[in-house]
Structures are given as C-alpha cells and as structure tokens.
Amino acid sequence: MAVNLPSFSQPGLERFNQLQQEAEFLVSSARRLKQAQGWYTHALQCLETLSRNRKGEFLVPLTSYMYAPGTLNVDHVMVKVGAGFHVEKNMEEAKAFLKRQIDLITKQVEKVESVVEEKCLIIKGVKASVLTTEPANHKL
C-alpha cells in the first residue's frame, strides 16, 4: 500500500525522524562497542605475550631521550573493571575477565546490529512507499 507524502501527519513525520535518529544512535553505539571489543582483544593479546615472555626486562622511558632499565612483575596485573576502577588480578583471572568482556560485548553488538537492521528495513519501507506514490500526489 503506497503512502502519499502529504498524507503523513505531523506525528507520523516526527515518528519517521525519530526512527532515523534511533538508527543513527544504534549504529554509533555498535561502533563504540566494537571499539571497546578491540581494546579488550588487544589487552588479551598483550597478556598472552607477557605470559610467553616471563623475563620481563625492558627500558622504562623517563623522558623522550632518557631510559632506565626496569623489570616487570608478570604474576599480577591491574585490570580496569569500569567506572575508573582497577583491580589487581593474576594472569589467569585477568585473561578470564577479558574473555568474558569480549564475549559480552560480542553478544551486545549482535543484538544492536539486529535492531539496526529492523529499523533500517522500516525506514526503507517507508521511503519506498513514498517513492511509489504518483508524482502528481506530491504537490507541496
């Protein structure tokens, strides 16, 4: 059934705009979730590298031109758990936490992307129905 553009009521146009804004917001949210997922994945990869290289000797930058030798305690790490809080965990606990976070974010991304698809289909349907109406009916 074709929808004539002038037949859209003001609330109908507002709802259409709201749908577009919600879709844009959800796309932005999915992008931020994927970014966070990348951070957790990178942190997990770093922990894996630390686990293999238990020697832990490196140069600590004091300035851009000066370094001091340092050692790294790879038995425990500080993990950011949210809201500015960090918790000390051993390597296995930290890896398990990061894997859980990655899995949680992956599930959230899938949910958000499915909602985005639904909203985009609705928006495309409305646009298609407006385009299929006769041009003579679009007098403004």
Side-chain angles (χ1 to χ4, degrees):
M1 179 173 151
V3 177
N4 192 349
L5 185 58
S7 71
F8 272 159
S9 63
Q10 182 65 27
L13 288 173
E14 289 173 1
R15 179 66 183 135
F16 182 75
N17 271 343
Q18 182 182 2
L19 275 172
Q20 286 183 312
Q21 290 173 351
E22 288 173 4
E24 290 170 6
F25 174 76
L26 290 170
V27 166
S28 174
S29 296
R31 191 177 308 120
R32 286 192 305 272
L33 283 169
K34 287 180 182 180
Q35 186 178 35
Q37 184 181 35
W39 293 332
Y40 283 118
T41 301
H42 183 255
L44 183 59
Q45 291 169 346
C46 289
L47 284 181
E48 295 293 343
T49 301
L50 280 175
S51 294
R52 289 190 303 272
N53 304 325
R54 297 198 64 81
K55 191 174 182 183
E57 294 178 4
F58 62 101
L59 294 175
V60 178
L62 300 176
T63 69
S64 59
Y65 299 104
M66 190 175 358
Y67 297 87
T71 57
L72 183 64
N73 176 1
V74 295
D75 295 330
H76 291 86
V77 293
M78 297 295 288
V79 178
K80 185 176 181 178
V81 294
F85 290 97
H86 293 76
V87 176
E88 185 175 342
K89 294 185 176 285
N90 67 37
M91 284 291 224
E92 295 309 312
E93 291 172 338
K95 288 178 191 178
F97 172 79
L98 292 171
K99 288 176 184 175
R100 284 193 310 273
Q101 292 301 104
I102 292 168
D103 291 342
L104 175 69
I105 291 173
T106 300
K107 291 175 185 172
Q108 289 300 100
V109 166
E110 290 170 358
K111 287 179 185 177
V112 170
E113 286 178 341
S114 71
V115 173
V116 167
E117 286 178 28
E118 290 174 17
K119 291 199 182 285
C120 286
L121 287 173
I122 293 169
I123 291 168
K124 285 179 184 178
V126 171
K127 286 181 179 180
S129 66
V130 168
L131 292 175
T132 58
T133 59
E134 294 178 26
N137 294 336
H138 290 286
K139 295 179 185 173
L140 297 176

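Numbering starts at 1 and runs along the sequence shown. Since the structure is predicted, the reported quantities are computational estimates derived from the model, not experimental observations.
Distance check, rounded to the nearest 0.5 Å: NE2 of His76 to CE of Met91 gives 10.5 Å. Note that the CD atom of Glu118 and the CG atom of Leu26 stand 10.5 Å from one another [nearest 0.5 Å]. Rounding to the nearest 0.5 Å places CG of Leu98 at 12.0 Å from CD of Glu93.
Across all their heavy atoms, Val79 and Ala94 have their closest contact at CG2-CB, 3.7 Å. The minimum heavy-atom distance linking Val112 with Ala30 is given by the pair CG1-CB, 3.9 Å. Pairing each heavy atom of Gly70 with each of Val60, the nearest pair is CA-CG2, 4.1 Å. When all heavy atoms of Ala36 and Ile105 are compared, the closest pair comes out as CB-CD1, 4.0 Å.
Of the possible polar contacts, one joining the Ser51 side chain to the Leu47 backbone as a donor-acceptor pair under 3.5 Å is found.
No more than 12 heavy atoms of other residues, nucleotides or ligands sit less than 6.0 Å from atom NE2 of His42.
Hydrophobic clustering (ILVMFWY, side-chain heavy atoms < 4.5 Å, transitive): Phe85 and Phe97 are in one cluster. Val87 and Trp39 sit in two unconnected hydrophobic clusters of ILVMFWY residues. Membership requires side-chain heavy atoms under 4.5 Å apart, directly or through other members.
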Step-by-step side chain to side chain contact (heavy atoms under 4.5 Å, CB included) determination, Glu113 to Lys34: CA-CA 11 Å; Glu113 286 178 341; Lys34 287 180 182 180; 2.7 Å; yes
Show, in sequence, the C-alpha distance, side-chain angles and deciding distance for Arg32 and Ser29, and conclude whether the side chain to side chain contact (heavy atoms under 4.5 Å, CB included) test is met. CA-CA 5 Å; Arg32 286 192 305 272; Ser29 296; 3.3 Å; yes
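Remark: Leu19 engages Arg15, Glu22, Lys119, Ile122, Ile123 in a side chain to side chain contact (heavy atoms under 4.5 Å, CB included) (not counting sequence neighbours).
Judged as a salt bridge (Lys or Arg N to Asp or Glu O under 4.0 Å), the pairs with a partner in residues 70-92 (not counting sequence neighbours) are, in order, Arg54-Asp75, Glu92-Lys95.
Thr106 pairs in a side chain to side chain contact (heavy atoms under 4.5 Å, CB included) with only one of the listed residues (Ile102, Val109, Leu104), which is Ile102.
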